[in-house]
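Worksheet: the structure to be examined is printed underneath.
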Amino acid sequence: MSKRRENVSKRRNKWSKRNKRDKSRRVRALLALAVLAGSLAIALTTPVRLGLDLRGGTQIMLETRSTPTTDADSAATDRTVEVLRGRIDALGVAEPTLVRSGEHRILVELPGVSDPKKAADVLGRTAQLTVHAVLGPAGTSDGATTAPADPAKERVLPDDSGQPLRLRAADLTGRDVKGADARFDQQGGAGWHVTVDFSKTGQDRWRQITAQAACHPAGDPQRRIAIVLDNQIISSPQVDPSVACGTGIPGGSTQITGSFDDTEARELALLISGGALPVPVETVEQRTIGATLGDAAIEAAAWAAVIGTTLTALFIIAVYRLLGLLATAALACYGLISYAALAALGATLTLPGLAGFVLAIGMAVDANVLVFERAREEYAARSRPSPRSALTAGFRGALSAIADSNITTLIAAGLMFAFASGPVRGFGITLAIGVLASMVSALLISRVLAEYAANRPAVRSRPRITGIASTGWVRDRLLRRDPFLMRRPRRWLAASAALAVMAASGILVRGLDFGIEFTGGRLIEYTTSTPVDPDRARTALTDAGFPRAVVQSSGDTGLTVRAENLTNADEATVTETIGALGGETEKTRDELIGPSMGDELRRDALIALSLALGAQLLYLAVRFRWFFGTAAVVALAHDVVILIGAFAWLGKPIDGVFLAALLTVIGYSVNDSVVLFDRVRELLGRDRTTPLPRLTNQAILQTLPRTVNTGMGAAFILTALAVLADDTLADFALALLIGLAVGTCSSVFTAASLTVELHPTRGRPAGAGASARSENAPNKRELEKK
């Protein structure tokens with residue numbers, strides 16, 4: 001009876017586990033269908049905003065104006081550029097272009113702006129925020145407001161009801177404001193309002209103003225505080241009766257209330273928090289311009305992407321057969337989810353943003369490869385394997401590496417979004433979207449499809465069609481001899497150091513050829529008698545010796561040409577080239593322009609990258625140990641130096657496109673190191689007696705199939721882009737190919753070798769320490785006796 005009960009109990013437990021697994025599969029399938037259905041609905045109804053370099057946009061020319069108290073010199077114009085950049089970022093334009101053109105003008109290019117007139121109005125408002133104590137109502141004479149007694153100490157402005165008020169000179173200005181936010185208060189009845197937070201200095205002044213106003217009785221105009229924006233009283237509330245005379249309102253915060261709707265409240269908060277312009281600006285020109293890259297370049301890039309993606313898909317299918325085919329379908333779903341997320345968030349897609357998606361595609365492929373390679377290991381290790389059980393173990397075993405690599409990338413993307421601006425911020429936005437979409441693609445959709453296929457009777461009876469019933473050609477051919485790569489790690493470090501020195505010498509010997517984004521240049525605008533296609537103009541200028549000139553259409557018969565280091569002789573050549581294409585040509589503008597990547601943008605980019613590296617180091621130190629994080633960051637710095645040095649030796653430009661490629665290479669490098677370190681950590685947990693060099697070598701060999709297959713998948717796309725795209729995108733693809741090769745090698749040889757050298761045990765057993773040494777010592781003495 002006891003055996004029968006025991007058998008019944010085992011059957012019940014077996015059925016219970018099976019029911020739980022079936023329920024989990026159904027939940028995953030329903031969730032995957034919901035995500036795909038929602039993404040498809042968004043993709044069909046909401047278009048993605050393309051950036052200026054992909055489809056053109058709005059160009060606005062602003063001019064700074066002097067005031068009686070402020071001179072609109074070049075320094076004031078530079079400060080105005082940085083304030084405007086913050087406002088444009090708050091408007092949701094991911095990657096605007098702002099350059100100083102001459103001493104008093106600012107050229108603004110806004111991709112994906114639906115209402116350029118409103119944007120120009122927001123950009124041009126000076127937004128001088130001041131807070132005043134009310135001295136009382138102003139006297140009137142024949143309906144006219146009486147002038148203040150002393151204009152230096154008083155001013156007269158009408159409040160929102162039209163009542164003229166005498167105001168004391170400003171007690172607070174926009175410099176005392178720390179931030180502003182639009183909020184909706186349904187319970188309190190305030191509706192939409194703007195909360196203003198003051199700085200530490202502003203808090204003290206705010207308390208003093210309200211303390212003085214509270215000494216007047218309720219209803220007295222002098223108990224009111226006037227908040228003035230651009231010489232207009234936008235709110236003049238009375239101090240609450242609960243505030244005692246001489247006490248004031250603590251906390252340094254106030255609310256601007258009124259008949260705001262959500263748009264007005266957000267715009268007001270933007271103007272206040274965006275900061276006051278040093279000098280007023282005026283819109284002197286506004287026009288729609290063509291794409292920077294041109295239709296031919298975009299078409300070439302599209303064909304390169306199609307061919308490269310097709311080759312990648314065929315490679316994945318050839319290696320992993322049925323599961324490779326399903327992974328390709330999951331990657332198509334990744335594209336749909338990414339597009340829908342980009343459209344739903346209203347982000348602007350530009351070339352650096354596309355770089356973020358290239359990295360995310362690589363991570364999506366990498367996640368599938370990690371799972372399939374772990375499934376191959378599990379299949380080979382089991383005595384009576386099945387594709388379904390091997391797949392389940394593969395997803396479970398690869399989860400840690402996938403999570404760690406994606407989290408480190410999301411940390412970097414989040415910090416780029418929070419602290420950087422311009423192209424770096426746009427890269428962070430699209431990278432974060434792509435990484436999240438790749439995780440959904442690999443861990444949800446790919447798993448649902450793979451588990452469904454593995455449960456089919458035809459697949460169970462023919463496990464080899466799954467692609468995981470064999471060990472793969474990398475293990476069969478490359479790893480048959482079990483090479484000991486970590487026998488002398490210092491030699492690998494010496495080789496890596498020599499390569500880095502060689503690259504750095506290129507920076508010193510050849511120098512860096514900074515693009516127009518960093519150096520500024522010259523902008524020339526032409527009006528032609530017949531329209532000129534920008535692509536033809538780009539080709540003609542390339543043949544004339546100006547391959548890096550940026551050509552854009554401007555209006556119906558206009559062209560703008562931007563290039564760095566144009567002499568007067570060069571300008572004459574450019575004018576002659578344009579005239580040969582457009583007939584009678586008139587030069588309507590010729591100005592020197594400043595760098596679009598200004599000092600503050602570059603500083604913010606460096607701060608964001610430094611914080612990203614520090615956060616990744618901290619995360620790796622917590623998840624692994626400090627020497628793992630140190631090795632990963634050193635390998636990353638090694639890759640960055642080599643890539644910059646390679647472009648210096650090749651004479652390639654260091655521009656915004658290169659910056660996007662560099663950020664992508666950083667992501668690849670960290671991802672490769674994390675995958676390797678995750679396997680080292682796993683082996684350390686299972687084996688505490690084998691020396692660390694041998695364990696690290698095992699981790700390298702075990703993850704090498706993943707490294708080769710992932711690298712090959714990315715190389716197909718990048719090679720197609722380098723061969724088929726135009727010069728700009730070809731340089732981008734070349735930088736990624738160099739970074740991919742260097743990053744793959746550095747994670748295997750530089751990061752792994754440095755980990756071995758930094759580990760406290762070095763050549764001793766990996767679990768060495770006091771206990772390990774005490775255990776090894778008797779064995780050594782025993783061997784000596786024998």
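Just so we're clear, the structure is a prediction, and the values are computed from it rather than from any experiment.
Annotation: side chain of Val742 is not in contact with side chain of Leu643 (no heavy-atom distance under 4.5 Å). Side-chain contact check for Leu311 versus Thr719: every heavy-atom pair is 4.5 Å or farther apart.
In this structure, a donor-acceptor pair under 3.5 Å is absent between the side chains of Asp570 and Thr573.
Shortest non-hydrogen contact noted between Thr577 and Ala540 is CG2-CB, 3.6 Å.
Here salt bridge (Lys or Arg N to Asp or Glu O under 4.0 Å) pairs that include residues 578-587, with residues two or more places apart or in two chains, are Glu571-Lys587, Lys587-Asp590.
Judged by distance alone, with hydrogens and angles left aside, the side-chain atoms of Ser746 form a donor-acceptor pair with the main-chain N or O of Gly743 at under 3.5 Å. Checking side-chain atoms of Arg105 against main-chain N and O of Met61 turns up no donor-acceptor pair under 3.5 Å. Remark: the backbone N or O of Gly582 is paired with a side-chain donor or acceptor of Thr530 at under 3.5 angstrom. A donor-acceptor pair under 3.5 Å links the side-chain atoms of Thr585 to the main chain of Gly583, judged by distance alone.
Note that CD1 of Ile578 is 12.0 Å distant from CD of Glu525, once rounded to the nearest 0.5 Å.
At most 12 heavy atoms of other shown residues, nucleotides or ligands fall within 6.0 angstrom of atom CZ in Arg536.
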Return a table of donor-acceptor pairs under 3.5 angstrom between the side chains of residues 644-653 and protein atoms on other chains or two or more places apart.
unit_1: Trp649; atom_1: NE1; unit_2: Met502; atom_2: O; d: 3.0
unit_1: Lys652; atom_1: NZ; unit_2: Asp731; atom_2: OD1; d: 3.2

